[in-house]
Structure formats: C-alpha cells, structure tokens
S.K.: 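Please find one structure pasted underneath; my questions will follow.
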Amino acid sequence: MKRTRILHLLQSDKPLDNVIIMGWVRTRRDSRGFSFLEINDGSCLKNMQVIADSSIADYEEIKKITTGSAVAITGSLMESPGKGQKWELKADNVEILGIAPDTFPLQKKRHSDEFLRTIAHLRSRTNKYGAVFRIRSELSFAIHQFFKDRGFKYIHTPVLTASDCEGAGEMFKVTALDMDNIPKKDGKTDFSLDFFGAATNLTVSGQLSAEMFALALGDVYTFGPTFRAENSNTSRHVAEFWMVEPEMAFSNLTDAMDLSEEFLKYLTGYIIDACLDDLELFAKYVDKNLMTTLEGLLSSDFTRLSYKDAVDILNKSKQKFEFEVDFGKDLQSEHERYLTERHFKQPVIIYDYPKNIKPFYMRINDDNKTVAAMDVLVPNIGEIIGGSQREERLNILEARMDEMGLSKKDYWWYIESRKYGSAFHSGFGMGFERLLMFLTGVTNIRDVIPFPRTPNSISF
RNA sequence: UCCCCAGUAGCUCAGUUGGCAGAGCAAGUGGCUGUUAACCACUGGGUCCGCGGUUCGAGUCCGUGCUGGGGAGCCA
C-alpha cells in the first residue's frame, strides 16, 4: 500500500478508510488508555494528529515512540472531535521505522537559529526550516515559469572558467595538480601542466557567457550556483550562492528596469499564492510586517531615480550617516537602506552610476561620466538586483578595457561578439537567497540555503 | 579583513563585591479517559570554550587563542 501525503489528507472533503502515512513524530501526548501523535511528513507545514487507542496491537511499543522517530501509520481519516484540527487519523497499526534516541537534538520547543545552524543536517525537520525550503523550491519553479512564459531560453553556463577577473571579487581556484608537489616555472605554479592547461577558477557570474547566447537566442537566462572567495562575514554573504541572470538582446536599460520590476512582482505574487501557509509562519513569528512589505511591493510602482538625484536626496536629508555621501563614490549600505526604507518606503531603482565605480562591460552614457547601470533596492535587504545595458560598441569597449588594465587577449571571444553583428543588449543579476530573505523576513542568508558555505565553515 | 558583544546542564539563560554550580524547558520514571509545545509529581544531568597568569581562593579579574553573533567593507 502506498503512503498518502499529509498535505493531501488534510485537504480531503470526506472521511477515508485504510490510508497509510509515513513521517516523523513531532510530539506524543498520552493519557491513560490512548496516545496522541503529531506526525509531519514534510509535504506541508501542518502535522497530522494521530490517535492510537490502547486496544491496538503493540500499544506498549507506541508508548516508547519519541520525538524525531520515523513511523508508518495505517488507519482511518476521521473528523476530529477536538479543537484545532478538522481531520485526525485513527490508527489501526503503528510501525516504528526508525526510533530517535533521547540524544535527538531537536526538542518540542523553539531553538535559536544559531544552534540550528550547528545541526544543519536536521534543521529542515523543524517547522520554520521546512517552510523555508518548501518556499525555496516553489520560488525556483516560479523563476522558470516567469521566463518560459516570456519566451526566454534557459542556458547552463559553465561553473569552471579560465577567466581570472570577471570583475567581481576573489575567485576559488580549481586544480587537479598534486598539491603536495606543485610544478613550478620561474618560481610560479606552472598551470600549463594542470588539467585544462591554464589557471582555472569557479565562476563568479554567468553573465559574459549568457551575453553570447542572448546574441544568438534573443532572450535568455541562467540560474545556477556562483562562488565568491571573498572573506565576507555578514548576514548577507555566503561563498556559494545561487544567482538568476537574464540577458536580453535588442534591449536597453529601461527594458532591463521594466523586466526587473515585473520579475520581482511576479515572484512575490506567486509565493503569496502558492505558499500562504508557510508564509504565515514567517508573518507570525519572524517578521510581523512581512505581509505589509510584500503587498507594498506588489502595489507600488518602483521609484526610479538617477544616482545623481539619489545623492541629492541623501545630501538634503539632514540624516546623519557614518559615511558621507559624495558624487563619484558608491552608495553605502546605510544610504541605500535610507532611500528604500525611510525616504521612499518602497522598492527603488537607481540608475546611471559614475563609470569609475562600475565594471568594464557597462555601457558608457553620452555624458562620458556615467554608465547605463541600475540597482534595485528593497526594504530590509538593500541591493537585490544589479544590472546594466552592456557596452556593444567595439572601440569603446576595447578602450575601456585598456583603461581598466584588463587583458583583451583573455577576453578575445567576448570582444568578438562586438565585432560580428553587435547589437545593443542588457541584463541583470539577482541574488536568489536575497530574494528568499525578502520573501520570508529571515535576516541571515545562512538560514535560507540548505548547507551554507562561509569563511571557516564547510561542514555538512 | 576591521570594530563591538557573547561562550555556564541536551536547549534558553541567571550567577551580586572574587568565597559551596542555579532556574525554566528538554530527558528518564510514575500518574491522568480527547490532548494541542498537554498537564501533575519525582529523579538524573556540569571539562563554567581552550591555554597561561594574578590570588589563600577564579564561572567572576588579566593575557592569549578558538568558536558564535551584530555592524562595516566587498557584493548578490
């Protein structure tokens, strides 16, 4: 007999005989003569209440069942005479699949997120983390749905790359060399003897590859893991994270801003529809303002303003900042959060940043001082999306690379895309975990990724 | 990497001026005829993060290391 998921049973509109559920015991409550078991199988937030009467076989064994144990229960789905649940399962048979000894670290009480991080292999069995990872799964699907509906093609860009300066952060080195016996040439590691015959790293972005495919398939996106070896110790950074990067041919900066706004609204609306039960947990226990924030995003037109106007607003704000606001310097976290959380109180898109603080591939504006870049800022998180129109003019791109000291030889293939049939195009990158933080109100990025990788931490 | 804070029972934490190691929850045992993180009673449970120092005496003070958290930078 096949198990029925608890999600399915709780949606039943009539009693059912002879069903079987399999899951993990959250708690057991006994009275003389019977026991209540709360079973969770991960299919939804809610538990199935099971009532086991002392008349059933092996009742003495049932009284030994502990929190965390895996069980299979056969019985009848009946309307519950008690308060708090519509349905309960009256057990005919209870089989212990795997007992959890009293060393099981999850208790029938709230644990701190810090403690749960030390048992990341078990924390997904809690209500909160179960909810996080169900939402994470739905959100992944929603991303594909959004792009598929709009004719975008999904591109699997490589994780291994030979380019050593894609412009974003320190990179993890990948090698097949014997680390105890590294071949040297002129005092340096001789990568010509390594697997690829060249120094190799984990990717920090799929963008440059995605651009090649945008200039072939039109509208494309990537969605995959990304790696940064930065020694960042904050609640917003991990060394391995997932990023979504759409790239559109025949598209300018305004098109990219339009898409980013439509994208965030679609995903937020999707999760509110598809994950309401799980979201309610976060609205109740994690962030009391969560639904207001999410509905605020859905109902507002994102404020769009140039970097210059943003600097003006900050200067006129009379707000004391730790770092001064100065045209030509990048905005600090405190500045971004002031704009989105206090001044506008809604998502904000800032565009046309000074070219000296942005990477080589962003398109130079006619003023020759700024680039067609944009950042989307949301309350509680700050920057969630960064993007730009790409520099499609060969001579200007090459001059910019020279100016910034980049090797045109290493990027020969990227440059060739501007030599043959170049076309204006744009795109952006969105941190998948940062969106999950926004949608759930979870304040530490380590709590929205199954097994977080951070400096000095690679357990699990 | 920098600044700040913390580390005491399985978990969350208290521990006064340097003077016998504590509570709640969890666990174990027993009780209870419909419970909702059930309830009631009893019981067991400690490398006070490690190392060094000051002191008659250190959980407490000093130095140092490690781990965790908050903030900053970098960014998504």
Side-chain angles (χ1 to χ4, degrees), chain A residues 26-38 46-55 63-64 66-68 78 80-85 88 90 100-119 126-127 166-170 204-207 225-245 260 285 321-323 329-337 357-359 375-378 381-387 428-438 443-449 454-457 459:
Chain A
R26 285 294 169 78
T27 181
R28 195 191 82 232
R29 297 181 288 269
D30 307 314
S31 286
R32 188 191 225 8
F34 54 90
S35 264
F36 290 106
L37 296 165
E38 294 278 343
K46 289 195 174 77
N47 301 324
M48 175 63 78
Q49 172 166 289
V50 173
I51 179 158
D53 192 85
S54 60
S55 62
K63 287 181 79 175
K64 291 178 189 160
T66 50
T67 296
M78 308 173 70
S80 173
K83 285 177 188 162
Q85 61 282 317
E88 67 184 17
K90 186 169 184 349
D102 60 19
T103 50
F104 183 60
L106 292 172
Q107 302 172 0
K108 297 186 276 189
K109 57 174 253 181
R110 289 183 77 172
H111 287 291
S112 66
D113 292 323
E114 291 81 4
F115 171 67
L116 291 170
R117 261 171 238 151
T118 69
I119 50 165
T126 64
N127 289 339
E166 287 177 18
E170 292 293 310
V204 293
S205 164
Q207 182 199 315
T226 302
F227 306 88
R228 304 274 166 94
E230 287 291 339
N231 190 13
S232 294
N233 291 286
T234 81
S235 54
R236 305 183 310 282
H237 292 87
V238 277
E240 176 181 339
F241 62 99
W242 283 60
M243 190 153 62
V244 182
E245 296 176 289
S260 69
Y285 297 114
F321 294 113
E322 191 184 342
F323 296 92
K329 284 187 189 164
D330 209 354
L331 299 178
Q332 305 286 323
S333 291
E334 58 176 340
H335 305 145
E336 295 179 342
R337 296 192 62 165
I357 57 171
K358 290 292 183 185
D375 283 354
V376 181
L377 314 178
V378 295
I381 307 294
E383 183 181 342
I384 197 165
I385 283 177
F428 61 81
M430 184 194 72
F432 181 64
E433 284 79 13
R434 289 204 177 158
L435 180 62
L436 257 178
M437 291 168 74
F438 176 78
T443 53
N444 195 313
I445 196 168
R446 297 174 184 111
D447 298 335
V448 295
I449 190 165
T454 53
N456 278 317
S457 174
S459 296

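FYI, side chains are in, hydrogens and waters are out, and symmetry mates aren't considered; it's all heavy atoms of this structure.
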S.K.: Counting heavy atoms from C-beta on, name the nucleotide in B:C11, B:A72, B:G34 closest to the side chain of A:Asn233.
M.R.: B:A72
S.K.: OP1 or OP2 of B:A72 versus the side-chain N and O atoms of A:Thr234: is any pair under 4.0 Å?
M.R.: no
S.K.: Measure from the side chain of A:Asp102, starting at C-beta and using heavy atoms only, and say which of B:G70, B:G28, B:U12 lies closest.
M.R.: B:G28
S.K.: Picking from B:C32, B:A72, B:A37, which would you name as closest to the side chain of A:Asp30?
M.R.: B:C32
S.K.: Tell me which nucleotide, if any, is Watson-Crick or G-U wobble paired with B:U33 when both distances must be under 3.5 Å.
M.R.: none
S.K.: Answer with base, sugar-phosphate or nothing: what part of the nucleic acid does A:Ile384 contact at a heavy-atom distance below 4.0 Å?
M.R.: sugar-phosphate
S.K.: Among B:A37, B:C74, B:G71, which nucleotide sits nearest the side chain of A:His237?
M.R.: B:C74
S.K.: Would you say B:G73 has OP1 or OP2 under 4.0 Å from some side-chain N or O of A:Ser333?
M.R.: yes
S.K.: Looking at B:G69, B:C32, B:C75, which one has an atom nearest to any side-chain atom of A:Arg32?
M.R.: B:C32
S.K.: Roughly how far apart, to the nearest Å, are B:G68 and B:A26 at atom C1'?
M.R.: 22 Å
S.K.: B:G45 and B:U8: how far apart are their C1' atoms, nearest whole angstrom?
M.R.: 14 Å
S.K.: A:Asn231 side chain: which of B:C75, B:U1, B:C11 is closest?
M.R.: B:U1
S.K.: Has the side chain of A:Ser232 got a donor or acceptor atom that lies under 3.5 Å from a matching backbone atom of A:Thr234?
M.R.: no
S.K.: Is the distance from OP1 or OP2 of B:G69 to the nearest side-chain N or O of A:Arg446 less than 4.0 Å?
M.R.: yes
S.K.: Dump the intermediate steps for side chain to side chain contact (heavy atoms under 4.5 Å, CB included) on A:Ile51 and A:Met78, then the final yes or no.
M.R.: CA-CA 10 Å; A:Ile51 179 158; A:Met78 308 173 70; over 6 Å; no
S.K.: Write down the distance separating the C1' atoms in B:G59 and B:G18, rounded off to the nearest Å.
M.R.: 11 Å
S.K.: Please tell me if A:Arg236 has a side-chain N or O lying less than 4.0 Å from either OP1 or OP2 of B:A72.
M.R.: yes
S.K.: Which one is paired to B:U17, where only Watson-Crick or G-U wobble pairs with both distances under 3.5 angstrom count?
M.R.: none
S.K.: Quick check for you: among B:G34, B:G10, B:G71, whose closest atom lies nearest to any side-chain atom of A:Ser235?
M.R.: B:G71
S.K.: Take atom NZ of A:Lys329 and atom P of B:G73, then tell me their distance rounded to the nearest Å.
M.R.: 12 Å
S.K.: Using a heavy-atom cut-off of under 4.0 Å over every strand shown, decide if A:Thr103 touches base, sugar-phosphate, or nothing.
M.R.: nothing
S.K.: Looking only at atom types and distance, does a side-chain atom of A:His335 sit under 3.5 Å from a main-chain N or O of A:Phe321, one as donor and one as acceptor?
M.R.: no
S.K.: Please state whether the rings of A:Phe115 and A:His111 are parallel, tilted or perpendicular, taking 30° and 60° as the class boundaries.
M.R.: tilted
S.K.: What is the distance, to the nearest angstrom, from the CE atom on A:Met437 to the C1' atom on B:C75?
M.R.: 13 Å
S.K.: My understanding is that a pair needs two contacts under 3.5 Å, Watson-Crick or G-U wobble. By that rule, which nucleotide pairs with B:G24?
M.R.: B:C11
S.K.: Has the side chain of A:Glu114 got a donor or acceptor atom sitting under 3.5 Å from an opposite partner on the base of B:U12?
M.R.: no
S.K.: Give one of base, sugar-phosphate or nothing for A:Thr27, where a contact means two heavy atoms less than 4.0 Å apart.
M.R.: sugar-phosphate
S.K.: Measuring from the side chain of A:Arg117 (C-beta onward, heavy atoms only), which nucleotide among B:C75, B:G68, B:G34 has the closest atom?
M.R.: B:G68
S.K.: Expressed in angstrom and rounded to an integer, what is the separation of A:Arg29 atom CZ from B:C40 atom C1'?
M.R.: 17 Å
S.K.: In whole angstrom, what separates A:Gln107's CD from B:A9's P?
M.R.: 13 Å
S.K.: With a non-hydrogen cut-off below 4.0 angstrom, is A:Gln85 in contact with a base, only sugar-phosphate, or nothing?
M.R.: base
S.K.: Can you tell which of A:Gln85, A:Arg29, A:Lys46, A:Arg26 makes a side chain to side chain donor-acceptor pair (under 3.5 Å) with A:Glu38?
M.R.: A:Arg29
S.K.: Both A:Ile51 and A:Gly386 contact RNA chain B. Which one's nearest nucleotide lies toward the 5' end?
M.R.: A:Ile51
S.K.: For B:U54, what is the paired nucleotide under Watson-Crick or G-U wobble rules, both distances under 3.5 Å?
M.R.: none
S.K.: Specify the separation, in whole Å, of atom CG of A:Leu106 and atom P of B:G10.
M.R.: 16 Å
S.K.: Write down the distance separating the P atoms in B:A14 and B:C39, rounded off to the nearest Å.
M.R.: 24 Å
S.K.: Partners of A:Asp102 by salt bridge (charged side-chain N to carboxylate O under 4.0 Å, His left out), sequence neighbours excluded?
M.R.: none
S.K.: For the backbone of A:Gln107 and the side chain of A:Thr67, can you confirm whether one donor and one acceptor N or O come within less than 3.5 Å of each other?
M.R.: no
S.K.: Please determine, for the side chain of A:Glu230, which listed nucleotide (B:C74, B:G10, B:U35) has the closest atom?
M.R.: B:C74
S.K.: Taking side chain to side chain contact (heavy atoms under 4.5 Å, CB included) as the test, write out the residues that go with A:Arg110, two or more places apart.
M.R.: A:Tyr285
S.K.: Base, sugar-phosphate, or nothing: which does A:Pro81 touch, judged by heavy atoms less than 4.0 Å apart?
M.R.: base
S.K.: Taking A:Arg28 for its side chain and A:Lys63 for its backbone only, find out whether a donor-acceptor pair lies under 3.5 Å.
M.R.: yes
S.K.: Counting only distance, no hydrogens or angles, is the base of B:G34 paired donor-acceptor with the side chain of A:Glu88 under 3.5 Å?
M.R.: yes
S.K.: Heavy atoms under 4.0 Å, any strand shown: does A:Gln332 hit a base, just sugar-phosphate, or nothing?
M.R.: sugar-phosphate
S.K.: Within the structure shown, what part of the strands sits under 4.0 Å from A:Phe241 by heavy-atom distance: base, sugar-phosphate, or nothing?
M.R.: base
S.K.: Within this structure, what is the NZ-to-C1' distance between A:Lys108 and B:G24, rounded to whole angstrom?
M.R.: 16 Å
S.K.: Just name whichever nucleotide pairs with B:U1, Watson-Crick or G-U, keeping both distances under 3.5 Å, else none.
M.R.: B:A72
S.K.: Establish whether the base of B:C74 is bridged to the side chain of A:Ser232 by a donor-acceptor pair shorter than 3.5 Å.
M.R.: yes
S.K.: When the P atoms of B:G7 and B:U60 are considered, how many whole Å apart are they?
M.R.: 11 Å
S.K.: When the nearest nucleotide of RNA chain B is assigned to A:Glu383 and to A:Thr443 on a heavy-atom basis, which residue is associated with the more 5' position?
M.R.: A:Thr443
S.K.: Roughly how far apart, to the nearest Å, are B:C74 and B:C66 at atom P?
M.R.: 26 Å
S.K.: Categorize A:Gly84 for me: base, sugar-phosphate, or nothing, with a 4.0 angstrom heavy-atom threshold over every strand shown.
M.R.: nothing
S.K.: Could you check how far OH of A:Tyr285 sits from C1' of B:A37, rounded to whole Å?
M.R.: 9 Å
S.K.: Roughly how far apart, to the nearest Å, are B:U47 and B:C11 at atom P?
M.R.: 12 Å
S.K.: Hey, could you give me the CD/CD1 distance between A:Glu433 and A:Ile381, rounded to the nearest 0.5 Å?
M.R.: 11.5 Å
S.K.: Look at the side-chain N and O atoms of A:Asn456 and state whether any lies under 4.0 Å from the OP1 or OP2 oxygen of B:C66.
M.R.: no
S.K.: Given atom CZ of A:Arg28 and atom P of B:G34, what is their separation to the nearest angstrom?
M.R.: 16 Å
S.K.: Need one value for A:Phe323: base, sugar-phosphate or nothing, where a base atom within 4.0 Å counts as base even if backbone is also close, heavy atoms only.
M.R.: sugar-phosphate
S.K.: Taking atom C1' in both B:C20 and B:C25, what distance in whole Å separates the two?
M.R.: 26 Å
